[in-house]
Amino acid sequence: MASSRDRQRKLARAKLDRQLARRAAVAKRRRQIRAGVGAAVVLVLIVAGSAWALGAFDSEPEKKAADDVCLWTAEDGAVNTNLKDVGQPPTTGLPTSGTRPMTITTNQGGPITVELDQTDAPCGAASLGYLAGRSFFDNTTCHEITEGALRCGDPTGTGLGGPTYSFYDENVPAAPEPSPSASPAPGQPATYPKGTVAMIGNPPGSNSSQFLIFFKDASPAKPAYSVVGKVTGGLDVVEKIGAMPTEDNGNGAKVKPKTQVLVQSVTVGEPGAAPAESPAPSPSASAG
């Protein structure tokens, strides 16, 4: 029979084993709990990080800035006193496709209707529409007949006038292919066909309000005018004006019409609309 001392040792050893087993079980549960909590924290951090990256915690959602369609260069009206300050068109939200109708009423016959090209000349079309909406062209003159075209859009009639902003060329045709003569190679289409409407800047490349309406085909060796549209009605009126006799404009150039060509109004309709109806010019306005 085991002694009393041996029995106590066995009981103590069994008690210690039970305590160690319980401690191991508790430690295992703690590790499991910590692992679960850690995984949950990582998941929360991942979700929160993704939400932050997507702007979920922003006080206001960040709005993407609209891209500029046109850039307008300010011109100093104090330096060039021929300029008229009417503000500037917007730079964003401008149409960049389709067409827009423009109607020019003169004292020389029925209205001249034009289809403005918003695809290839969005800034020229936007500028003409902006200025027409502010009556900028009303009661101005086509002050030159030159290079097969009428030159209009300058309130001062000097070639120096316009608004207090300008914009760069955007739709200048390529130069015609060279030929032995001064004319383009045979069979080439005209660079500026009859009925073309183009912007003209002073100096070149600084377009504003002045525009040309071609009454005959033209193919200059170095095209410099941004095409903005074409005549769709009243081309006979343009040809009639183009045939008018001219006189010296005061600067040695015989380009000023002897009979005043008065632009009574210019209207520009909404994109895709038909040309606006214009009243017939009054008989009293037909004299120069």
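None of these values were measured; they are calculated from a predicted model. Worth knowing before you read on, the calculation uses all heavy atoms, side chains too, and leaves out hydrogens, waters and symmetry mates. FYI, the numbering just counts along the sequence from 1.
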Going hydrophobic residue to hydrophobic residue with side-chain gaps under 4.5 angstrom, can you get from [X] over to [Y]?
X    : Y    : value
V197 : L131 : yes
M244 : V237 : yes
V261 : V114 : yes

[Y] side chain reached by [X] side chain, heavy atoms, under 4.5 Å:
X    : Y    : answer
V228 : L128 : yes
F137 : S265 : no
I145 : V255 : no
K256 : T246 : no
L160 : N202 : yes
V231 : E115 : no
C142 : V263 : yes
L94  : T92  : no

Output yes when a side-chain donor or acceptor of [X] lies under 3.5 Å from a complementary backbone atom of [Y], and no otherwise.
X    : Y    : answer
E247 : K254 : no
T99  : L116 : no
N251 : A253 : no

Distance alone, cut at 3.5 Å: any donor-acceptor contact between the side chains of S97 and T119? no
Quick check: closest heavy atoms across [X] and [Y], and the distance to 0.1 Å?
X    : Y    : answer
N207 : M199 : OD1-CB, 3.6 Å
A78  : T81  : O-CG2, 4.1 Å
P122 : P95  : CB-O, 3.6 Å
A149 : L212 : CB-CB, 4.0 Å
S219 : A190 : OG-CA, 3.3 Å
P176 : A221 : CD-O, 4.1 Å

Which residues pass the salt bridge (charged side-chain N to carboxylate O under 4.0 Å, His left out) test with E239, not counting sequence neighbours? K194
Considering only distance and modelled atom types, tabulate donor-acceptor pairs under 3.5 Å from the side chains of residues 82-91, sequence neighbours left out.
unit_1, atom_1, unit_2, atom_2, d
N82, ND2, N80, OD1, 3.0
D85, OD1, G87, N, 3.0
D85, OD1, T164, OG1, 3.2
T91, OG1, D68, OD1, 3.0

Derivation and outcome, side-chain contact (heavy atoms from CB on, under 4.5 Å), residues F211 and I104: CA-CA 12 Å; F211 58 92; I104 306 168; 4.0 Å; yes
Could you please spell out the steps behind the side-chain contact (heavy atoms from CB on, under 4.5 Å) verdict for L150 and V238? CA-CA 8 Å; L150 314 180; V238 179; 4.0 Å; yes
Can you check side-chain contact (heavy atoms from CB on, under 4.5 Å) on R100 and V268, steps first, answer last? CA-CA 7 Å; R100 192 174 184 183; V268 176; 3.3 Å; yes
Can you list every pair that meets disulfide bond (SG atoms under 2.5 Å apart) and has a residue in [range], with sequence neighbours left out?
range            : value
residues 212-255 : none
residues 211-254 : none
residues 209-248 : none
residues 67-123  : C70-C123

Results of ring pair (Phe, Tyr, Trp, His ring centres under 6.0 Å) for F136 - residues two or more places apart only: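 Per chain and number, F136 pairs via ring pair (Phe, Tyr, Trp, His ring centres under 6.0 Å) with no residue.
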Using the test ring pair (Phe, Tyr, Trp, His ring centres under 6.0 Å), find all partners of Y225 that sit at least two apart in sequence or belong to another chain. Y192
T140: partners by side chain to side chain donor-acceptor pair (under 3.5 Å), with sequence neighbours left out: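 Applying side chain to side chain donor-acceptor pair (under 3.5 Å) to T140 gives none.
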Listed partners of S226 passing side chain to side chain donor-acceptor pair (under 3.5 Å), at least two apart: D169
Spacing of [X] atom [atom1] and [Y] atom [atom2] [to the nearest 0.5 Å]:
X    : Y    : atom1 : atom2 : result
N139 : Q264 : CG    : CD    : 7.5 Å
I213 : C152 : CD1   : SG    : 4.5 Å
N107 : Q260 : CG    : CD    : 6.5 Å

Could you list all the salt bridge (charged side-chain N to carboxylate O under 4.0 Å, His left out) pairs where at least one residue sits in residues 138-157, not counting sequence neighbours?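 Qualifying pairs, neighbours excluded: E144-R151.
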Output every pair passing ring-ring contact (aromatic ring centres under 6.0 Å, His included) with a member in residues 142-172, not counting sequence neighbours, ordered by first then second residue. W72-Y165, W72-F167
Where do T232 and T113 land on the side-chain hydrogen bond (donor to acceptor under 3.5 Å, both in side chains) test, with the steps shown first? CA-CA 5 Å; T232 56; T113 58; 2.9 Å; yes
Begin from the C-alpha positions of T196 and K230 and carry the test side-chain contact (heavy atoms from CB on, under 4.5 Å) through to its verdict. CA-CA 4 Å; T196 297; K230 61 182 179 181; 5.7 Å; no
